[in-house]
Every structure is written in structure tokens, then in C-alpha cells.
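Just below is one structure, and these are the notes that go with it.
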Amino acid sequence: MRQRPVLLVIAHGSRDPRHAATVHALVRRVRSRRPGLRVEVGFLDFNIPSVQGVLESLAAEGVRDVVALPLLLTRAFHAKADIPAVLRDAPPQLRITQADVLGPSPLLVRALERRLYEAGLTPADKSSTGIVLASAGSTDPEAIAVLSGIARDWWHTGWRAVRPAFASAALPRTEDAVRELRALGCARVAVAPYVLAPGFLPDRIARGAAEADVLADVLGPAPEVARVVLDRYDTALTPALVTVGA
């Protein structure tokens, strides 16, 4: 029987040790949900193992098929340029399929709500609470539009208001969105970081949430995130997708 392709989770990497620790925790949860699947992780920068190093090790073992999954929430520069460039330099004997990024997904919205409720909100608070959906930020118009769409759709589920915000590269900043919701008359304001792991920009989001009533944790190894990872892996195995490499 043909072995299922290895799932290679590709994370950005960070000098902040909390980033890699959170990525590894998420990968452990993914493995626990599908014990028969081999799941590896590689980093684009700062951390080891590197993506290239993992690919070379897999090729040396005789692995042929790999699904490379960007651990990213939007299709911005890393998904469109950095990761394809790294995969093009992979050992030629590997057949690599690049899976889609994690977002948008209703499961990720569920994970955002999980984090808000863990931080102290309840479903009864929805109609009086304004949410700042705070992301790292991007110069890519597609990524910005996607975040605005998530905020709009999430607002329709019953929150008093939902506003997107960005830690870098785009406006508004988290603190400005908090003040806007306060001026709108929201009884409470909560900040929901739309980020996967701690690091420099998530810390900036946290500082921007100083005037908010609630700051949720990053998505991290939430079970919903692990489900999205496996959904993207399964979708990548459909015959319509094109492989990279041999």
C-alpha cells in the first residue's frame, strides 16, 4: 500500500522562543488527531530545523511525497513568494504539493471565540461587546480584504461590532480600533489576536489592547486550528492540485 504523503508544516520562525514552542505544541495536537500521519515542521527563518533541512532529510530517507502546508492565516508574501521559492529548491526526487493557507475558515472564528471565552467573556456578552480582530498586518491588498471580510462575517453572528486592526503595514492600529469601539458605545471592548503564536507583532497587539477590557490569547494549539491543518492537508491531496518538483 502506498504511504500517505508526509505533512510538512512550514512556520515563519521567530527570535522569540515562545513562537517555536507554540508551533511545536500545535504540531503535537495535529499528530494526536491523526496518529497514522507523519507530521514534520520546518521554519523559514530564525529557528531550526529549516524547511530546506527537513526536505533534504526526507529525501535522504527515501520519502517521495510531501504536502507542504504554510502555517499562515492569509495568502500574503510568504505564501505567494517565500515558500514557493524554498520548495523549488527542494531535492528533485521529492513530489511536493503546496497546501493552502489556514484562513479564512469558520473553524478559526470558532477558535477566536474559544480564546475570548477563556479570557472571561460569555455568549451572553456578545450583543454588548465590541471586538477588535487584530492581525500582524500586511501590505498585500488580498490579505487586508480577507481580514475585513472575516470581521464583517463575524459581526453578523451577534457581536455588537467587530473591527479589523493591524500591528504593522496597515491601519488602523489595535489601540485606535479599541477607541473607536469605545466611542461607538460598546459596553466592553475585547481584542482577539488573529495570530498563531507569540512574538514581536503579537506583543505589539497586546500593548495596543491596554485600554480594552479583555485581551484574548493567540490561537496557538487550539483544537480548531489543528482541524484546519488537517483539512488543508486532505484538500491538497485532491487530484486537481498541481505538484511542485518531480
Side-chain angles (χ1 to χ4, degrees), residues 1-13 20 22-44 49 51-52 54-55 57-59 61-88 90-91 93-115 135 142-143 146-147 149-150 153-154 194-197 218-246:
M1 184 174 66
R2 184 177 176 182
Q3 190 175 27
R4 288 179 66 79
V6 172
L7 170 56
L8 172 58
V9 174
I10 300 179
H12 183 275
T22 302
V23 170
H24 286 298
L26 174 58
V27 169
R28 286 194 297 272
R29 187 178 286 273
V30 172
R31 288 178 181 139
S32 72
R33 293 187 69 91
R34 191 153 317 169
L37 176 62
R38 180 173 178 181
V39 185
E40 301 290 345
V41 60
F43 296 89
L44 290 172
V51 176
Q52 189 65 28
V54 175
L55 292 171
S57 295
L58 291 173
E61 290 179 32
V63 170
R64 289 285 288 161
D65 297 298
V66 176
V67 171
L69 188 147
L71 201 62
L72 302 169
L73 295 173
T74 58
R75 275 182 46 77
F77 182 78
H78 293 303
K80 294 177 179 178
D82 282 353
I83 291 175
V86 172
L87 297 181
R88 282 194 295 270
Q93 63 267 44
L94 292 175
R95 290 187 295 254
I96 303 175
T97 300
Q98 182 176 331
D100 202 357
V101 298
L102 302 184
S105 167
L107 285 169
L108 294 178
V109 175
R110 269 200 247 169
L112 288 166
E113 294 206 349
R114 171 190 292 275
R115 294 302 188 224
S135 79
E142 178 186 348
V146 165
L147 193 77
I150 294 169
D153 292 344
W154 199 13
Y194 189 60
V195 294
L196 285 167
V218 299
L219 295 173
E224 296 87 354
V225 179
R227 282 184 58 191
V228 176
V229 169
L230 290 170
D231 286 348
R232 296 293 184 259
Y233 171 83
D234 292 337
T235 301
L237 295 180
T238 59
L241 295 183
V242 177
T243 58
V244 179

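Distance check: Tyr233 OH to Thr97 OG1 gives 9.5 Å after rounding to the nearest 0.5 Å. To the nearest 0.5 Å, atoms CG (Leu26) and CZ (Arg31) are separated by 10.5 Å. Considering CD of Gln98 and NZ of Lys80, their distance stands at 12.0 Å, rounded to 0.5 Å. Note that CG of Asp82 and CG of Leu87 are 10.5 Å apart. Values are rounded to the nearest 0.5 Å.
Within the 4.5 Å cutoff, no side-chain heavy atoms of Leu196 are placed close to those of Thr22. Counting heavy atoms from C-beta on, the side chains of Leu7 and Val30 come closer than 4.5 Å. Contact check for Ile83 versus Leu72: side-chain heavy atoms found under the 4.5 Å cut-off. At a threshold of 4.5 Å between non-hydrogen side-chain atoms, the residues Pro106 and Arg110 do not count as touching.
Considering only residues two or more places apart in sequence or on other chains, Arg29 meets the salt bridge (Lys or Arg N to Asp or Glu O under 4.0 Å) condition with none of them.
In terms of heavy atoms, Gln52 sits closest to Pro91 at NE2-CD, 4.2 Å. Of all heavy-atom pairs spanning Ala76 and Ala143, the tightest one is CB-CB, 4.2 Å. Of all the heavy atoms in Leu44 and Val86, the pair that sits closest is CD2-CG2, 4.1 Å. Residue Ala68 comes nearest to Ile96 through the heavy atom pair CB-CG2, 4.0 Å, listed as atom of the first residue, atom of the second, then distance. Nearest approach of Pro5 to Val66, heavy atoms of both residues: CB-N, 4.2 Å. Heavy-atom minimum distance, Leu73 versus Tyr194: CD1-O, 3.1 Å.
Contacts classified as salt bridge (Lys or Arg N to Asp or Glu O under 4.0 Å) and involving residues 218-238 (residues at least two apart or in different chains) are given here: Arg4-Asp234, Arg34-Asp234, Arg114-Glu224.
Put simply, the side chain of Glu40 never gets that close to the backbone of Leu55: no donor and acceptor are under 3.5 Å apart. Listed for the Arg115 side chain is a donor-acceptor partner under 3.5 Å among the backbone atoms of Leu219. Between the side chain of Arg75 and the main chain of Glu142, no donor-acceptor pair closer than 3.5 Å is present.
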- [ ] Before giving the answer on side chain to side chain contact (heavy atoms under 4.5 Å, CB included), spell out for Leu230 and Leu37 the whole-Å C-alpha distance, their side-chain angles and the decisive distance to 0.1 Å.
- [x] CA-CA 10 Å; Leu230 290 170; Leu37 176 62; 3.8 Å; yes
- [ ] Apply the test side chain to side chain contact (heavy atoms under 4.5 Å, CB included) to residues Leu71 and Val23: give CA-CA distance (whole Å), side-chain angles for both, the deciding distance (0.1 Å), then the verdict.
- [x] CA-CA 9 Å; Leu71 201 62; Val23 170; 4.0 Å; yes
- [ ] Take Glu61 and Val6 through the side chain to side chain contact (heavy atoms under 4.5 Å, CB included) test and state the conclusion after the steps.
- [x] CA-CA 12 Å; Glu61 290 179 32; Val6 172; over 6 Å; no
Open item on the list: Apply side chain to side chain contact (heavy atoms under 4.5 Å, CB included) to residues Leu102 and Leu69 and explain how you reach the verdict.
Closed with: CA-CA 9 Å; Leu102 302 184; Leu69 188 147; 3.8 Å; yes
